[in-house]
Each structure stands twice: as C-alpha cells, then as structure tokens.
Amino acid sequence: MPVFAKKKIGAETVLGVWRCDEDLESLKYQIQLDEEDTEKLNSFVNEKRKVHFLAVRALCKELIGSSKILY
C-alpha cells in the first residue's frame, strides 16, 4: 500500500492518503488480526468489503504502528 501523503495535523491526529490496489491475500499478509477482528472479517460475504476492512487496518499500522481499531 503506497502512502502518498502522511501529515501530522495535531498532537494525536495523523492524516494519510493512499491508493489501495492490493488484493485480499496480500492485505492479510501485511497485518495480524486478533480473534475479534478475524471473526468480523470472516462475517463479511462481499470480498470488496473484506478488502476495505483490511486496507483500513493496514493503513493504520503504517501511520501509527497499530492496526487495532476501537469503537
């Protein structure tokens, strides 16, 4: 995932812009999901939705060093 731009815009805020052209398997290789996120990923039927789910986490890992998203 090539990050085109990475800019710190606040004390705890980073803005990242990228183009995601990886497939599902290459994104799976880039990040380690915990059990909860693995179950969530497996619950999606649409492959494009799975790619989006993993791409967001891969970008977070690239920008802040962690792929875990807390809701």
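None of these values were measured; they are calculated from a predicted model.
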**OP:** Indicate the atoms forming the closest heavy-atom contact of Trp18 with Leu59, along with that distance.
**Re:** CZ3-CD2, 2.8 Å
Subject >> Atom of Cys60, atom of Ser67 and distance for their closest heavy-atom approach >> reply: CB-CA, 4.4 Å
Original post:
If we only count heavy atoms from C-beta on, is the Ile69 to Val56 side-chain gap below 4.5 Å?
Top reply: yes
**OP:** Quick one: pull up CD1 in Ile64 and CD in Glu12 and give me the separation to the nearest 0.5 Å.
**Re:** 10.5 Å
**OP:** Assess whether side-chain contact (heavy atoms from CB on, under 4.5 Å) is satisfied between Leu27 and Phe53, documenting all intermediate values.
**Re:** CA-CA 10 Å; Leu27 286 167; Phe53 182 85; over 6 Å; no
Subject >> Contact summary for Gln30 and Lys61, nearest pair of heavy atoms >> reply: O-NZ, 3.0 Å
Subject >> Main-chain N/O of Thr38 paired to Asn42 side chain as donor or acceptor, under 3.5 Å >> reply: yes
Original post:
Where is the tightest heavy-atom contact between Ala58 and Ile31, given as atom of each residue plus distance?
Top reply: CA-CG2, 3.7 Å
Original post:
What residues form a salt bridge (charged side-chain N to carboxylate O under 4.0 Å, His left out) with Lys40, not counting sequence neighbours?
Top reply: none
Subject >> Heavy-atom pair of closest approach, residues Asp34 and Lys68 >> reply: OD2-NZ, 2.9 Å
Subject >> Heavy-atom side-chain proximity of Leu54 to Leu33 below 4.5 angstrom >> reply: yes
Original post:
Is atom CZ of Phe44 surrounded by more than 12 heavy atoms (other residues, nucleotides or ligands) closer than 6.0 Å?
Top reply: yes
Subject >> Interatomic spacing from NE2 in His52 to CG in Leu24 - rounded to 0.5 Å >> reply: 11.5 Å
Subject >> Minimum heavy-atom distance Lys6-Val14, with the two atoms named >> reply: CG-CG1, 4.1 Å
**OP:** Before accepting this row, confirm whether a basic side-chain N of the pair Lys50/Glu47 lies closer than 4.0 Å to the acidic partner's carboxylate O.
**Re:** no
